[in-house]
Peer 1: 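First the structure, then my questions, so here it is.
Just the heavy atoms: all of them, side chains too, but no hydrogens, waters or symmetry mates, feed the values below.
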Amino acid sequence: MNLILFGPPGAGKGTQAEILINKYNIVQISTGDMLREAQKDETDLGRKVASIMAKGELVTDEIVIGLIEKKLTNDENEIGFIFDGFPRTLAQADALGNLLDSIGQSLDHVVELYVDDEKLVQRIIGRFTCSSCGELYHKITKPPKNEGICDVCGSKDKFNFRQDDNEDSLKIRLLAYYRDTSPLIGYYHVFNKLRKINGLGSVDEIQNKIRNFIKKKAEELKLDFFDLIKQK
């Protein structure tokens, strides 16, 4: 089963994707990671990618689709794949659909995590992380139990605040998201692939809804969902 997660910055798609990847044995298809790996490959495609990126030029959709095809056909996985950062345009969505058709696979769910813009601002501008272990905190919803001390690693006064986690920057990022992503949401709605989930729910609530989508599809394919899951 293959999935795409969409959502504005701060909607929680990264958290949900990480759970799916680590707990349920779904393989991540990250175009950024694939491009970095390709530069190290001694193949014609790898050398082509390395040459393009060395010049600071953009890699074409055709090359990205080629890398995705290589990943999908070389990495056997019974549960499926989750696409990270792709597609970003209607042309890429068409190309991905054609690729999946050509290798006998399909895109099963496109999950949109939607969140009210004002709630997103409240959620994001209060975020900060431990600079030692990366644990995520929030000024209001998840402050450290002891002020200035990381709950996980015990580091003192070593917290990072992202420079772009402010209201003005967020509005720009939201505008870019809605401009670039809205056509894709409509596109997948037409193909009956879109699943909408309120991103303001708890992490477990949202994860359970995504899991229910996967479970339902597994039942349609007559697969034993719980045998496929890799529990950790």
Peer 1: Starting at NZ of Lys158, measure out to OG of Ser131 and round the result to the nearest 0.5 Å.
Peer 2: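 Nearest 0.5 Å value for the NZ-OG distance: 6.5 Å.
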Peer 1: Taking all heavy atoms of His138 and all of Arg127, pick out the closest pair and write down the distance.
Peer 2: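 Heavy atoms only, the tightest pair is CD2-N, 3.9 Å.
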Peer 1: I'd like to know whether Arg195 forms a side-chain contact (heavy atoms from CB on, under 4.5 Å) with Val110, so could you lay out the CA-CA distance, the side-chain angles of the two residues, the decisive distance to 0.1 Å, and finally the verdict.
Peer 2: CA-CA 6 Å; Arg195 316 289 181 246; Val110 177; over 6 Å; no
Peer 1: How close do Leu90 and Pro183 get, counting heavy atoms only, and between which atoms?
Peer 2: CD2-O, 3.6 Å
Peer 1: Around Lys142, counting heavy atoms of other residues, nucleotides and ligands shown, do more than 12 lie under 6.0 Å from its NZ?
Peer 2: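 Yes - once you tally the heavy atoms of other residues, nucleotides and ligands closer than 6.0 Å, there are more than 12.
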Peer 1: Look up atom CD in Gln16 and atom CD1 in Ile21, then write down how far apart they are to the nearest 0.5 Å.
Peer 2: 11.0 Å
Peer 1: Would a single hydrophobic cluster contain both Ile103 and Ile29, if residues Ile, Leu, Val, Met, Phe, Trp and Tyr are joined by side-chain heavy-atom contacts under 4.5 Å?
Peer 2: yes
Peer 1: Grab the two heavy atoms, one from Leu45 and one from Gly66, that are nearest each other, plus how far apart they are.
Peer 2: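 Closest heavy-atom pair between Leu45 and Gly66: CD2-C, 4.4 Å.
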Peer 1: How many angstroms lie between atom OG1 of Thr73 and atom CD1 of Ile68, to the nearest 0.5 angstrom?
Peer 2: 11.5 Å
Peer 1: If the test is side chain to side chain contact (heavy atoms under 4.5 Å, CB included), which one of Ile82, Leu5, Leu194 qualifies with Val111?
Peer 2: Leu5
Peer 1: If you take all heavy atoms of Leu120 and Pro9, which pair is closest and at what distance?
Peer 2: CD2-O, 3.4 Å
Peer 1: Is Tyr114 reachable from Ile210 through a run of hydrophobic residues whose side-chain heavy atoms are each under 4.5 Å from the next?
Peer 2: no
Peer 1: Could you tell me if the side chain of Ile52 sits less than 4.5 Å from the side chain of Thr60, heavy atoms only?
Peer 2: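 Side-chain contact under 4.5 Å: no.
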Peer 1: Once rounded to the nearest 0.5 Å, what's the spacing between atom CZ of Arg211 and atom CD1 of Ile206?
Peer 2: 16.0 Å
Peer 1: State, with a plain yes or no, whether a side-chain heavy atom of Phe86 is found less than 4.5 Å away from one of Leu67.
Peer 2: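 Side chain of Phe86 against side chain of Leu67, heavy atoms only: no contact under 4.5 Å found.
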Peer 1: Please check if atom NZ in Lys196 has more than 12 non-hydrogen atoms from other residues, nucleotides or ligands closer than 6.0 Å.
Peer 2: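 Yes, because the 6.0 Å sphere around NZ of Lys196 holds more than 12 heavy atoms from other groups.
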Peer 1: If you round to the nearest 0.5 Å, how far is CG of Asn208 from CD1 of Ile197?
Peer 2: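 Reported value, rounded in 0.5 Å steps: 10.0 Å.
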Peer 1: Would you please test Gln92 and Leu96 for side-chain contact (heavy atoms from CB on, under 4.5 Å) and show each step?
Peer 2: CA-CA 6 Å; Gln92 290 176 351; Leu96 178 60; over 6 Å; no
Peer 1: Residues two or more places apart in sequence or in another chain: which of them pass side-chain contact (heavy atoms from CB on, under 4.5 Å) with Asp101?
Peer 2: none
Peer 1: Determine all donor-acceptor pairs shorter than 3.5 Å in which one atom belongs to a side chain in residues 143-157; sequence neighbours excluded.
Peer 2:
from   : atom 1 : to     : atom 2 : distance (Å)
Asp151 : OD1    : Lys145 : N      : 2.9
Ser155 : OG     : Ser132 : OG     : 2.9

Peer 1: Could you tell me which residues satisfy side-chain contact (heavy atoms from CB on, under 4.5 Å) with Phe191, sequence neighbours excluded, listed by chain and number?
Peer 2: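 Per chain and number, Phe191 pairs via side-chain contact (heavy atoms from CB on, under 4.5 Å) with Tyr187, Lys193.
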Peer 1: For Asn25 and Leu20: C-alpha separation, side-chain torsions, deciding distance, then whether side-chain contact (heavy atoms from CB on, under 4.5 Å) applies.
Peer 2: CA-CA 7 Å; Asn25 201 28; Leu20 292 169; over 6 Å; no
Peer 1: Locate the shortest heavy-atom distance separating Val59 from Met53; write the atom from each residue and the value.
Peer 2: CG2-CG, 3.9 Å
Peer 1: Side-chain contact test, heavy atoms from C-beta onward, threshold under 4.5 Å: evaluate it for Phe159 versus Thr129 and give yes or no.
Peer 2: no
Peer 1: Can you tell me how far apart OG1 (Thr15) and CG (Leu113) are? Round to the nearest 0.5 Å.
Peer 2: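 The CG atom of Leu113 is 10.0 Å from OG1 of Thr15, to the nearest 0.5 Å.
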Peer 1: Within the side chain of Thr181, is there an N or O that forms a donor-acceptor pair under 3.5 Å with the backbone of Tyr177?
Peer 2: yes
Peer 1: If we only count heavy atoms from C-beta on, is the Ile4 to His109 side-chain gap below 4.5 Å?
Peer 2: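 No, side chains not in contact.
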Peer 1: Considering non-hydrogen atoms only, spot the tightest contact between Lys139 and Phe128 and give its length.
Peer 2: N-CE2, 3.7 Å
Peer 1: Any side-chain heavy atom of Leu107 within less than 4.5 Å of one from Tyr188?
Peer 2: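 Result yes, sub-4.5 Å side-chain heavy-atom pair found.
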Peer 1: Less than 6.0 angstrom from the centroid, inside 45 degrees of the normal: does Lys71 satisfy that with respect to the ring of Phe81?
Peer 2: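 Because its charged atom misses either the 6.0 Å distance or the 45° angle limit, Lys71 does not stack over Phe81.
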Peer 1: Check whether any side-chain N or O of Glu205 sits under 3.5 Å from a backbone N or O of Ser202 as a donor-acceptor pair, and report yes or no.
Peer 2: yes
Peer 1: Check whether any side-chain heavy atom of Arg88 lies under 4.5 Å from a side-chain heavy atom of Thr31, and answer yes or no.
Peer 2: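 Sidechains of Thr31 and Arg88: no contact.
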Peer 1: Could you check whether any side-chain heavy atom of Asp94 comes within less than 4.5 Å of a side-chain heavy atom of Thr89, counting everything from C-beta outward?
Peer 2: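 The answer is no; the side chains never approach within 4.5 Å.
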Peer 1: Compare all side-chain heavy atoms of Asn2 with those of Phe83 and state whether any distance is below 4.5 angstrom.
Peer 2: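 When only atoms from C-beta onward are counted, Phe83 and Asn2 do touch, with a gap below 4.5 Å.
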